Amino acid sequence: MPTRRDFLMQGAAITAALALPKRLYAATSEFQSLDARTASVQLAPEGYPKTEIWGYGGAMPGPQMRLQQGARLQRRFMNALPQASTVHWHGVRIDNAMDGVAGLTQPAVEPGQSFDYDFIAPDAGTYWYHAHNRSTEQVARGLYGALIVEESEPPDLDREEVLILDDWLLDPEMAQIVPDFTSRHDRGHAGRRGNFIATNGRHDLSLEVRQHERLRLRLVNAANARIFVLSLHGMEGWTVALDGMPLPRPEPLAEALILGPGQRADLIVDVTAAPEETAHLVRLDDQEAASQVAFTVTGKASTTLPGCTGRAATQSGDGGDRPR
Ligand SMILES: [Cu+2]
């Protein structure tokens, strides 16, 4: 007759056997997966067909990655695209082996295959990741996302927003991506310029803010060729970092900010527009101003902001309802 001890031992053995495949699985799945695949998204306004894109996680932009300075990022890239691809971590100082440049630092990852990216992010800042095989096609189809490396002592802000600016070349009837990525005309002119401009995949991105709120706007230009010329309306702002590098001192954004393809800029902005008004990140196209992002002012924040440096956070006493 088995003793209680035998039974327990047997139970332990069974548990161990059951645990074995699970443990093996766990050991190989430490990496979060980052898959690239085709997807349909509503890019053009409602009423138009959905646009077929290529996206990380089937989304555009892909998932926002956020980690602390000095932390480790591990992603298993799984390629479910009809083309070989890689992931490049734009601007991050990492080993060549992890830099994701097909044909230079690694072979392109074939459809159905995977590659493990594993690196430490040494510098805080605004970065982005994107495909780096046939980039003119793959980035234009939507393969990118933001990579935010947070500083250990963040500036005194109410909140931040990551804004990825892009333009898309869509056929005007079916709203599908024009599949000629090597047009001689484009090459001989200003590159592949889109006819449909979006922020975070939305042509009408609108965010709610409060008057006197201080935001960090992390801007990324993910377009192939478009140079964004930007200014602020209803907000006062400073450029505090360019391409992930902090500036020696904040620079007042008095005139236009020019953001070329691949570039990033960190702005700190104070909402000056009054409640019920709308502030804007403004895009200047050939002297014409258009709203790139609308900021609807819904109330007042409870502090006044004396300036970008040395924020004293004095109480304004104007009846703001934000918790202090
Ligand atoms: Cu890049």
Side-chain angles (χ1 to χ4, degrees), residues 21-22 24-44 48-67 72-90 92 94 96-119 121 127-148 162 164 166-171 174-182 192 194 196 198 200-202 220 222-224 262:
K22 213 174 165 186
L24 282 175
Y25 180 72
T28 54
S29 66
E30 278 168 14
F31 282 65
Q32 271 185 54
S33 70
L34 176 70
D35 71 328
R37 55 186 146 100
T38 59
S40 288
V41 300
Q42 190 67 49
L43 182 58
Y48 283 90
K50 287 187 170 183
T51 303
E52 181 160 305
I53 57 118
W54 294 2
Y56 294 111
M60 178 282 304
Q64 188 184 113
M65 298 186 195
R66 204 169 256 278
L67 67 164
R72 186 170 181 179
L73 189 131
Q74 296 177 302
R75 287 291 184 286
R76 172 157 301 163
F77 169 59
M78 319 240 270
N79 186 1
L81 299 169
Q83 263 178 24
S85 191
T86 56
V87 185
H88 172 63
W89 313 92
H90 188 121
V92 184
I94 48 178
N96 247 0
M98 293 292 126
D99 203 38
V101 180
L104 187 65
T105 65
Q106 68 170 98
V109 182
E110 294 297 329
Q113 303 291 305
S114 70
F115 184 90
D116 289 347
Y117 290 98
D118 183 356
F119 59 86
Y127 301 95
W128 64 304
Y129 62 96
H130 62 80
H132 211 306
N133 186 43
R134 300 175 62 137
S135 313
T136 46
E137 171 172 3
Q138 296 193 357
V139 177
R141 287 191 185 274
L143 286 168
Y144 57 75
L147 171 60
I148 307 301
V162 179
I164 307 184
D166 195 5
D167 65 348
W168 301 77
L169 189 55
L170 303 179
D171 82 71
M174 299 307 289
Q176 298 308 303
I177 295 170
V178 176
D180 176 6
F181 298 95
T182 55
R192 182 184 165 98
F196 187 81
N200 297 347
R202 296 194 58 95
V220 180
N224 282 33

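Everything quoted here is computed from the prediction, not taken from an experiment. Sequence positions, counted from 1, serve as the residue numbers for this chain.
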Correct closest heavy-atom pair for A131 and V139 would be O-CG2, 3.6 Å
Flag the pair T38 / W54 as yes when at least one side-chain heavy-atom distance between them is below 4.5 Å, and no otherwise. yes
What is the minimum heavy-atom distance between P49 and Q176, and which atoms define it? CB-NE2, 4.5 Å
Going from CG on L34 to CZ on R76, what distance comes out if it is rounded to the nearest 0.5 angstrom? 12.0 Å
Flag, side chain of Q83 to backbone of E110, donor-acceptor distance under 3.5 Å: no
Heavy-atom pair with the smallest gap, counting every atom of G100 and T105: N-OG1, 3.3 Å
Closest non-hydrogen atoms of I164 and A222, given as atom of the first, atom of the second and distance, are CG2-CB, 3.7 Å
CD of E52 to CD1 of I177: how many Å apart, nearest 0.5 Å? 8.0 Å
Whether over 12 other heavy atoms sit under 6.0 Å from Y48 OH: no
Going by the angle between their ring planes, with limits at 30° and 60°, are Y117 and F77 parallel, tilted or perpendicular? tilted
Taken to the nearest 0.5 Å, the spacing of W168 CH2 from R192 CZ works out to 10.0 Å
To the nearest 0.5 Å, what is the distance between CD on Q106 and NE2 on H88? 11.5 Å
R37: what forms a salt bridge (Lys or Arg N to Asp or Glu O under 4.0 Å) with it, not counting sequence neighbours? D35
Looking only at atom types and distance, does a side-chain atom of D116 sit under 3.5 Å from a main-chain N or O of Q74, one as donor and one as acceptor? no
Report the relative orientation of the aromatic rings in Y56 and Y129; use parallel for angles under 30°, tilted for 30 to 60°, perpendicular for over 60°. tilted
When you measure from the side chain of N133 to the backbone N and O of A108, does any donor-acceptor pair fall under 3.5 Å? no
side-chain contact (heavy atoms from CB on, under 4.5 Å) evaluation trace for L73 with L147: CA-CA 10 Å; L73 189 131; L147 171 60; 3.8 Å; yes
Nearest heavy-atom contact between L81 and P111 is O-CB, 3.3 Å
Would you mind writing out the side-chain donor-acceptor pairs for residues 60-67 within the sub-3.5 Å range, not counting sequence neighbours?
residue: Q64; atom: OE1; partner: R66; partner atom: NE; Å: 2.9
residue: Q64; atom: OE1; partner: R66; partner atom: NH2; Å: 3.2
residue: R66; atom: NH1; partner: E150; partner atom: OE2; Å: 2.8
residue: R66; atom: NH1; partner: E160; partner atom: OE2; Å: 3.1
residue: R66; atom: NH2; partner: E160; partner atom: OE2; Å: 2.5

Starting at CD of Q138, measure out to CG of N224 and round the result to the nearest 0.5 Å. 11.5 Å
With rounding to the nearest 0.5 Å, note down the distance linking CG in N79 to OG1 in T86. 9.5 Å
Report the C-alpha separation of Y144 and D166 in whole Å, then their side-chain angles, then the decisive distance to 0.1 Å, and conclude whether the side-chain contact (heavy atoms from CB on, under 4.5 Å) test is met. CA-CA 10 Å; Y144 57 75; D166 195 5; 2.7 Å; yes
All heavy atoms of A146 vs all of V162, minimum pair found to be CB-CG1, 3.6 Å
